[in-house]
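Numbering of ligands and ligand atoms starts at 1, following listing order. Predicted model only: the values in this text are computed from it and were never measured.
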Amino acid sequence: MNDAQQDNRKTGRSRVTRWVIWIVALLLVNIVFTYFLARNEGGYKEISWHRFKDNMLRARDVDRIEVLNKEKVLVYIKFDSLKKKEYSDLGSLTKKAAGEPQYYFTIGSVDAFEKNMADVFTGDNEKYEPPITYISKSNSWQTVSSWLLPLGLLLLFWFWVSGRGSALGSGAAAIDFSKSHAEEYGESKTSPFTFKDVAGYEEAKTEVMEIVSFLKQPGNFTKLGAKIPKGVLLVGPPGTGKTLLAKAVAGEAAVPFFSLSGSEFIELFVGVGASRVRDLFDRAKAKAPSIIFIDEIDTIGRVRGKAVSIQVNDERESTLNQLLSEMDGFDPNTGVIVMAATNRADILDAALLRAGRFDRHIYLELPNKEERNAIFKVHLKPLILANDVDSMFLAAQTPGFSGADIANVCNEAALMAARQKKEAVEKKDFFDAIDRVVAGLEKKTKIITPAEKKRIAFHEGGHAVVSWKLKHVDPLVKVSIIPRGKSLGGAWYLPEERQIITRDQFLDQLCAALAGRAAEEVVFNEISSGALDDLEKATKQAYSMVMKLGLSDKLGNISYYDSTGTYESSFQKPYSEATAQLIDTEAQKLVQDAYTRAKGILTENRDQLDAVADKLLSKEIIYKEDLEQILGIREGTESLQQVAGKTGA
Ligand code: ADP
Ligand code: MG
Ligand code: ZN
């Protein structure tokens, strides 16, 4: 913004401020008037019902009464009586006799008032009751103000909402909704993050840095006729550091960096989103070379026109359209690059992803062991650690954790150590923190009956024994019957990080998942509700084996998986009714076979199951070593240390 523009905006703003002050002042005057007029109508005095009843009515001084608007009683005193000492509070006599009421009091309801009046004289011989008239009169000020108030408020609201070019001339509004609130990093404010804060992701960093170098030395690229990319999309599951990486780019790039979240475009007011996009690009172009970063772009970039159109969708659509046209609108070599981040690239509108827009995608996946190690190192640095803490060891315990999970574990561990007033954070604190992140808080207070406890012990024991006997199930680390979060117990495995799972591995996993319920049936001859999570997992896995992965006998090598997401929104299934039935029977068969197999293993090894359950009942948590004592060394595994993995239950 240059100086002239700035001045212009300022005068515009002060003009609007003046208007607002005027309106507020008018409203205030109005309210004050209304208040006083209502209080002090004609200057007569307010009295209590008791003074009226005892000193005026019973004294027979009342000439007549008027009930005004069913809420106020105006009292006219007889002219002769006004001389009495009782009425000396009224002041001079002439004023008193001006045909105006001298006193008033307020009543709750007319009915109650009439009843009270009648009660005053019950029992009196001589019937006396002053004449009562009912009148209704509206206060003109009150009427006017009841109009003015909403009108004024409306006007005020309108000034707030309307943007530039309102009826007030060239100025801006008191609060300009059409401006984007993008946070700007640049000369005045630098991002606190650099690439040092982002552990791992070397490829991603190199790629983003390359883009920054496009910006800084465009000549090197344009010389050969290449176009600088316009858009870069960071894609990855939540917590993998997309936002962090973008902020680090802001810190490293040393060019102005405009950062905002997709949801900030969408407001209550229609048309705001589009004008914010426009404003954002204007600002960025004025400062080129520069970077725009739109976080959570899926809030505006969803596939258009699929959902039933309601207002919000229209607004989002026009915002998206504006974004698309802005991205087309600038010449690739103006030096503005748009970065965006999302967890859900699959739901983004294809128009956003096409060449010339966000055509570069950088995938941030869940970190592998090495990367987790590096992330742990970053987050362990600020902590005071005991000697037994080793980042590589922690990385091994946390397969499937995202960067955010790891940051969380480190913080939880430090909190736990602090709570116990330790000098340093120990390995045990990290274990507890990992368990807590995986399964939730220990619920020591949850009330469990001994019978339930026994059932849980056999259920978990079933998982333990069966998974011990199956070759392809991940190594078991520990089994617990302490309730945690929503679950009543759990078995912890150390998942191997594999990219491909074979059919036999799937079948073994199914069998281990159903072993809890199988144990309940074998031991108690009765099954329970406690296997919900297991059944859900098994069912999902069976269906995905049949429908997606082509792993069933009858259906064969067919996959109804749809990576483009088109079927998801259509009501028609891509297969016939007969196939649907086949899918169901195949999935059921997989689950049924696995269950039978689990029951077989458990019946065969009933003594071992009993031993494991007994041990669980006495110790509540048992580790690999305890299991080895009962079940023998597991085939094909060297003795691992006690470790935990993210897939519990
Ligand atoms: P996303 O935007 O992908 O959902 P964030 O960027 O908000 O995730 O990451 C959340 C937090 O997780 C970060 O603030 C940081 O503490 C931690 N984190 C994630 N990835 C990393 C990483 N590679 N190195 C260091 N910390 C990370
Ligand atoms: Mg984020
Ligand atoms: Zn279970």
Side-chain angles (χ1 to χ4, degrees), residues 191-205 208 233-250 259-263 293-299 339-345 362-368 370-382 391 395 401-411 437 439 455-467 479-481 486-493 510-520 527-538 595 598 647-649:
S191 167
F193 297 100
T194 64
F195 280 163
K196 272 212 279 326
D197 300 298
V198 188
Y201 300 133
E202 293 309 327
E203 300 93 343
K205 280 194 239 173
V208 211
L233 188 64
L234 301 174
V235 191
T240 43
K242 298 178 293 298
T243 310
L244 182 71
L245 184 62
K247 287 191 176 145
V249 171
S259 160
L260 84 174
S261 164
S263 60
F293 174 59
I294 305 174
D295 207 354
E296 319 279 350
I297 196 174
D298 39 304
T299 42
M339 275 174 73
T342 180
N343 311 329
R344 315 254 347 239
I362 297 178
Y363 290 95
L364 298 183
E365 301 197 336
L366 288 176
N368 61 26
E370 288 302 327
E371 287 165 335
R372 285 198 302 274
N373 182 21
I375 298 175
F376 261 114
K377 278 191 180 137
V378 169
H379 290 283
L380 289 178
K381 201 172 271 166
S391 63
F401 276 44
S402 69
D405 289 334
I406 291 175
N408 191 7
V409 164
C410 292
N411 193 46
V437 170
R455 186 180 277 277
I456 297 167
F458 274 99
H459 178 110
E460 299 304 338
H463 283 303
V465 171
V466 169
S467 59
V479 187
S480 133
I481 55 168
K486 274 196 312 194
S487 68
L488 298 172
W492 273 256
Y493 300 90
L510 265 185
C511 184
L514 293 165
R517 167 162 281 197
E520 288 184 50
I527 50 181
S528 75
S529 65
L532 175 62
D533 287 349
D534 299 337
L535 297 185
E536 183 189 351
K537 205 166 91 188
Y595 185 67
T647 46

Only counting residues at least two apart or in another chain, list the ones meeting side chain to side chain contact (heavy atoms under 4.5 Å, CB included) with N343. P238, K242, E296
Can you list the protein N, O or S atoms less than 2.8 Å from the Mg ion (ligand 2)? T243 OG1
Distance alone, cut at 3.5 Å: any donor-acceptor contact between the side chains of D534 and H463? yes
Picking from I294, L234, I297, what satisfies side-chain contact (heavy atoms from CB on, under 4.5 Å) with T342? I297
Can you check whether N368's main-chain N or O pairs, donor with acceptor, with E371's side chain at less than 3.5 Å? yes
What residues form a salt bridge (charged side-chain N to carboxylate O under 4.0 Å, His left out) with R517, not counting sequence neighbours? none
Please list, by chain and number, the protein residues whose heavy atoms come under 4.0 Å of ligand 1. D197, V198, A199, Y201, P238, G239, T240, G241, K242, T243, L244, I375, H379, G403, A404, A407
Looking at side-chain heavy atoms only, is the closest gap between F401 and I375 below 4.5 Å? no
A598 to V466 - nearest heavy-atom pair and separation: O-CG2, 4.1 Å
Indicate yes or no for a side-chain donor-acceptor contact from D405 to the backbone of S402 under 3.5 Å, with no hydrogens or angles considered. yes
Working to the nearest 0.5 angstrom, can you tell me the gap between T194 OG1 and K247 NZ? 13.5 Å
Which angle, to 10 degrees, forms at the Zn ion (ligand 3) with OD2 of D534 on one side and NE2 of H459 on the other? 100°
Can you confirm whether R372 sits close enough to I406 that some side-chain heavy atom of one is under 4.5 Å from a side-chain heavy atom of the other? yes
